[in-house]
Amino acid sequence: MDYNFEEIEKRWKQYWIDHQTYKVKEDSSKPKYYVLDMFPYPSGAGLHVGHPLGYIASDIVARYKRLQGFNVLHPMGFDAFGLPAEQYAIQTGQHPAITTYKNIARYREQLDKIGFSYDWSREVITCDPNYYKWTQWAFIKMFHHYYDNELQRAEPIENLVKHFEERGTEGIHAEGTKELHFTADEWKTKSEREKQEILMNYRIAYLGDTMVNWCPQLGTVLANDEVSEGFSIRGGYPVEQKKMRQWCLRVSAYAQRLLDGLEKIDWSDSLKETQRNWIGRSEGAVVHFNTQTGVSFDVFTTRPDTIFGVTFMVLAPESELVEQLVTDEHRETVDAYLEKTKRKTERERIADKTVSGVFSGSYAIHPFTGELLPIWISDYVLAGYGTGAIMAVPAHDSRDYAFAKQFDLPIIPLIEGCDVSEESFDAKEGIMMNSDFLNGLPVQEAISAAIDEIEQRGIGYRKVNYRLRDAIFSRQRYWGEPFPIYYKDGMPYTLDESKLPLELPEVDKFLPTETGEPPLARAKNWKTEEGYPLEVSTMPGFAGSSAYYLRYMDPHNNEALVSKEADDYWKNVDLYIGGTEHATGHLIYSRFWNKFLFDLGVSCVEEPFQKLINQGMIQGRSNFVYRIINSNTFVSFNLKDQYDTMPIHVDINIVHNDVLDIDAFRNWNPEYKDAEFILEDGKYICGWAVEKMSKSMFNVINPDDIVKKYGADTLRLYEMFLGPIEQSKPWDTNGIDGVYRFLRKFWNLFFTDDNFLVTDDEPSKEELKSLHKLIKKVTFDIENFSFNTAVSAFMICVNELISLKCNKRSILTDLTICLSPFAPHIAEELWHRLGNETTIFDVQWPTYNEEYLKENTFSYAISFNGKTRFTLDLPADATREEIGKTVLEHPNSKKWVEDKTPRKIIIVPGKIVNIVI
RNA sequence: GCUCGGAUGGUGGAAUCGGUAGACACGCAAGACUUAAAAUCUUGUGACCAUUGCGGUUGUGCGGGUUCAAGUCCCGCUCCGAGUACCA
């Protein structure tokens, strides 16, 4: 009987819906397991074959864990706010919600075809007001909290107000944008507006004047992770630096906890490393410098040991100190320089490697030697890192060195034996010299000795700095969550929680207003009941994706983001699968967001994603035909070098196993209607290359087509078989026949002469061994996310059972259960044909018995004089003496035994055994 | 530049603790069935040599080392990929 996947898959999909097979509830009698996919943004192009890779892997784990007796939460949803829908809306005038929901429906249809075990009753869609209510709610909470560095957690802002009332800023440990100083009396005399401005300095969600990445083409600001090399990641438009008043999240306050948390979670080393680099912790010191004019400032350095090599100071052009330190004499050149750097885009600053800068006219006083150090201004110093000012040590910093060479500033070497005539010596090694009290110390000791001395003299202090910046949280866009914020006397206040969700208003156009305000400014009555204006920018894409995993635990709760009971039961995500492109975006924000909710007591586990797997990208495999230049003749791949040819992309749908369907090619494009071919062996062989999957290269594979041709089970198995889940690899349809053949062979195990026929006979030793080898292997492989080798194991097992002509019920039952996570439809079909009433996903995963796996013989490598001479199969339970005797009697041993050289016998596998004869 | 990965047949990949390298699959070749094709099945398939002896040599990017034994461990290179980049 034929394996009719179409009929089988249709039947069981319906069965699973009818029986609500995948619906889960909290169940304290079972251990929980939470498997999550990074939810997709529903783009207009639909799914290609690369998207389901991670979903299939997580689905296998979800089904497997369920068979293992876990209560499995395996939800899915959509990250629905985003730029493409809005861009489309601007072009067509169609509301982004319409496009978005249409795309969601298409995604859903495609996903359903593949047979995932999602509990769709828990679906979340980020643009649904019932969902974004909780995004807004979290924002309000962040607004009303500050970060306490002593307690190492978020605290209500009222505590800070109370502290100000009692003691002013004395003894506070609040993380702030700037360091502020005032007394309790001063606080009391401040106006409401002044107080609000001060509190803004400490709120976790705050309005700040910051340099932002402004993208004029998109008309919005972007976060650091949304920009790459001066261009926007979405759209690839140039991005420039601009100072704007924006909503920000004080992610930097959590830098140390984000770093420490990495130790506790099971992520790949490379991903953790990427996050560590992004957080960028560096230890050093803040050193205080005075100037001749009485103005003083701090610098941050990781090399306080090089303090005696400082020969000049440099300020960032954007630094506020520039205004205070520039002398009248130099004002003109400084202003010209500032103007010039301001006009440069980020892109130009990266491209322009030339050293530039101007002298301010002022001098700083060296805190140890009292020497005068000229203060320069240069764009190689960044305003946003450290204090925006540096002490320059040209001998031991390559950037300072280049600057010193350019402007002919002195260079003082500080490390014995180093040569700074050609380049700086940046390594943190060697013995100090020219450095007063540090002379003779190795660098590492000199660093701490220098800091000790600096602290002793009261001219600075030990300090840890982070590269991680606060997240800019405003977008000048329509299609995002509105801020639950209104303005009174120009200061922002949060809406009452009872007013949530604040729904996105209707607008006539999705474009900014004529005065450059965001689209929400077009909305009628965009104000509170009292008439106060509402915030017109919206939240960025990562807002909605930062806590969605919590919402799946309790998606219909109108009273809380997640109930205490649901959160206590599901805790955090046990396995999270998604792409590595979220390493510095979503995976930082989400961890930050969860830590904040943890501080509030909403989330009971500090790290949201315990184990994380990054699935690789599936690239396209393009095919080429080779056209002879200036002709309509095409040469087959292996003959192309004999002609002057040019490769042309050809639609992979008309190529099978790299052989071109010539008729289809002629019909493909009118231009090739009369094409001529030079064939090899009567075939036209195409060339191929691995490229990005894209329409323009005619190499996009739609999973729907594969499902139609081979069935969902084959697609699932094949995607897993392609290679290790974490590796990027090309989609190569050529191999799919092998997997399809395997499923048919598996199916045929249950049939004899077209009849379903399994026997209740006792299985043989070989059959049991084959099965238990499989159970052991597949269990191990799923636990280790090695799905490709698991699929191979099934193929081996089925081949063995075919050669044993096995149709024993007990063997085939366990085999079917093992296969069910990978190929659920065929497994469910055969499960029911075996006479079972309930779904296969309610049974127990089989356990293997080591007894059946014992080998009768071991292979031993016999080595004489340190070289392996031959191998021998011997009984597994043989003693040393027996092995020795057998080896010596073996004909191959003769010539080695007769001479008098020392001899050894080595056992493979395992350990060396020396046998005395 | 820095950080982290990786390199195994014609192809994708296996080898889980240092123990018979190349599992499994694709492709290819030969054969069976067939009027024929497709499908299916059988056999072979790293390279080189020998194939009237069913064996030998060599082989996991390159060069060394440790070990009875190295794709795996150590040292030094080459190339490829990813992340990041005036981060003081």
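Proteins get letters first, then strands, A, B, ... in listed order; numbering begins at 1 in each.
- In this structure, CZ of A:Arg303 is placed 11 Å from C1' of B:A88, rounded to the nearest angstrom.
- For A:Arg741, whose side chain is taken as the heavy atoms from C-beta onward, the closest listed nucleotide among B:C26, B:A88, B:U84 is B:C26.
- Computed from coordinates, the A:Phe721 CZ to B:A23 P distance equals 12 Å when rounded to whole Å.
- When rounded to the nearest whole Å, the span between OH of A:Tyr401 and P of B:G1 equals 19 Å.
- B:C17 adopts a syn glycosidic conformation, its chi angle falling within 90° of 0.
- For A:Phe780, there are no ring pair (Phe, Tyr, Trp, His ring centres under 6.0 Å) partners two or more places apart in sequence or in a different chain.
- The separation of B:A39 from B:C28, taken at their P atoms, amounts to 11 Å, rounded to a whole angstrom.
- Between A:Pro730 and A:Ile618, the shortest heavy-atom contact is C-CG2, 4.4 Å.
- For the ring pair (Phe, Tyr, Trp, His ring centres under 6.0 Å) test, no residue two or more places apart in sequence or in another chain qualifies with A:Phe785.
- With hydrogens and angles left out, the side-chain atoms of A:Tyr848 and A:Thr779 include no donor and acceptor closer than 3.5 Å.
- With sequence neighbours excluded, no residue forms a salt bridge (charged side-chain N to carboxylate O under 4.0 Å, His left out) with A:Lys405.
- Under the side-chain contact (heavy atoms from CB on, under 4.5 Å) criterion, A:Asp663 pairs with A:Asp661, A:Arg666, sequence neighbours left out.
- Scanning for side-chain contact (heavy atoms from CB on, under 4.5 Å) contacts around A:Ser360 gives A:Ser362, A:Ile375, A:Ile377, with sequence neighbours left out.
- Here A:Tyr385 reaches the OP1 or OP2 of B:A88: one of its side-chain N or O atoms lies under 4.0 Å away.
- Glycosidic conformation of B:G9 is syn; the angle stays within 90° of 0.
- The side chain of A:Val381 lies closest to B:A88, out of B:C4, B:A88, B:C24.
- Contacts of A:Tyr64 classified as ring pair (Phe, Tyr, Trp, His ring centres under 6.0 Å), with partners at least two apart in sequence or in another chain: A:Trp845.
- Set against B:C86, B:C41, B:A85, the side chain of A:Asp379 has B:C86 as its closest nucleotide.
- Checking the phosphate oxygens (OP1, OP2) of B:U3, no side-chain nitrogen or oxygen of A:Arg276 falls inside 4.0 Å.
- Between A:Ser728 and A:Asp400, it is A:Ser728 whose nearest contact on RNA chain B lies nearer the 5' terminus.
- A:Tyr385 and A:Ser282 form a side-chain donor-acceptor contact under 3.5 Å, judged by distance and modelled atom types alone.
- Atom OH in A:Tyr740 sits about 13 Å away from atom C1' in B:U40, given to the nearest Å.
- The A:Leu382 side chain lies nearest to B:C86 when the options are B:C24, B:C86, B:U84.
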* Structure fact -> With both pairing distances under 3.5 angstrom for Watson-Crick or G-U wobble, and | for a partner in another strand, the correct string for RNA chain B is (((((((..(((......[....)))((((((.......))))))((((.....))))..(((((..]....))))))))))))....
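- Rounded to an integer number of Å, the gap from NZ of A:Lys745 to C1' of B:A39 is 14 Å.
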Output a table of nitrogen or oxygen pairs between the protein and nucleotides 9-11 of chain B separated by less than 3.5 Å.
none

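- Atom CG in A:Leu315 sits about 19 Å away from atom P in B:C86, given to the nearest Å.
- Residue A:Gln727 has a polar side-chain atom (N or O) positioned under 4.0 Å from OP1 or OP2 of B:G13.
- Among residues at least two apart or in separate chains, salt bridge (Lys or Arg N to Asp or Glu O under 4.0 Å) pairs with a member in residues 785-803 of chain A are A:Lys773-A:Glu800.
- Taking the ring pair (Phe, Tyr, Trp, His ring centres under 6.0 Å) definition, one finds that A:Trp267 meets it with nothing, sequence neighbours left out.
- Residue order along RNA chain B, read from the 5' end via each residue's closest nucleotide, puts A:Val739 first among A:Ile390 and A:Val739.
- Of the C1' atoms belonging to B:G59 and B:A82, the separation is 30 Å, rounded to the nearest Å.
- In the set B:U84, B:A88, B:U3, B:U3 carries the atom at the smallest distance from any side-chain atom of A:Glu273.
- Listed candidates were B:G83, B:U16, B:G13. Nearest to the side chain of A:Pro724 is B:G13.
- Take A:Ala255 and apply the side-chain contact (heavy atoms from CB on, under 4.5 Å) test, not counting sequence neighbours, and it matches A:Ile279, A:Tyr466, A:Leu468.
- Of the candidate nucleotides B:U84, B:U16, B:C24, B:C24 has the atom lying nearest to any side-chain atom of A:Asn799.
- Within 4.0 Å (heavy atoms only), A:Ser282 reaches sugar-phosphate atoms of the nucleic acid but no base atom.
- The residue A:Leu722 sits close only to the backbone: its heavy atoms come under 4.0 Å of sugar-phosphate atoms, none of a base.
- Using a 4.0 Å cutoff on non-hydrogen atoms, the parts of residues 780-792 of chain A near RNA chain B are A:Phe780, A:Asn788, A:Thr789, A:Ser792, ordered by number.
- A:Glu726 has its CD atom 13 Å from the C1' atom of B:A82, to the nearest Å.
- Of the C1' atoms belonging to B:G56 and B:C41, the separation is 34 Å, rounded to the nearest Å.
- Between A:Lys773 atom NZ and B:C24 atom P there is a gap of 10 Å when expressed in whole angstrom units.
- B:C74 and B:A25 have their C1' atoms separated by 36 Å, given to the nearest Å.
- The existence of a salt bridge linking A:Arg741 and A:Asp737 is excluded, since no basic side-chain nitrogen approaches an acidic carboxylate oxygen closer than 4.0 Å.
- For A:Arg744, a side-chain nitrogen or oxygen approaches OP1 or OP2 of B:U40 to under 4.0 Å.
- When the nucleotides B:G13, B:A85, B:A88 are ranked by their closest atom to the side chain of A:Arg467, B:A85 comes out on top.
- Between the side chains of A:Asp400 and A:Tyr380, at least one donor N or O sits under 3.5 Å from an acceptor N or O.
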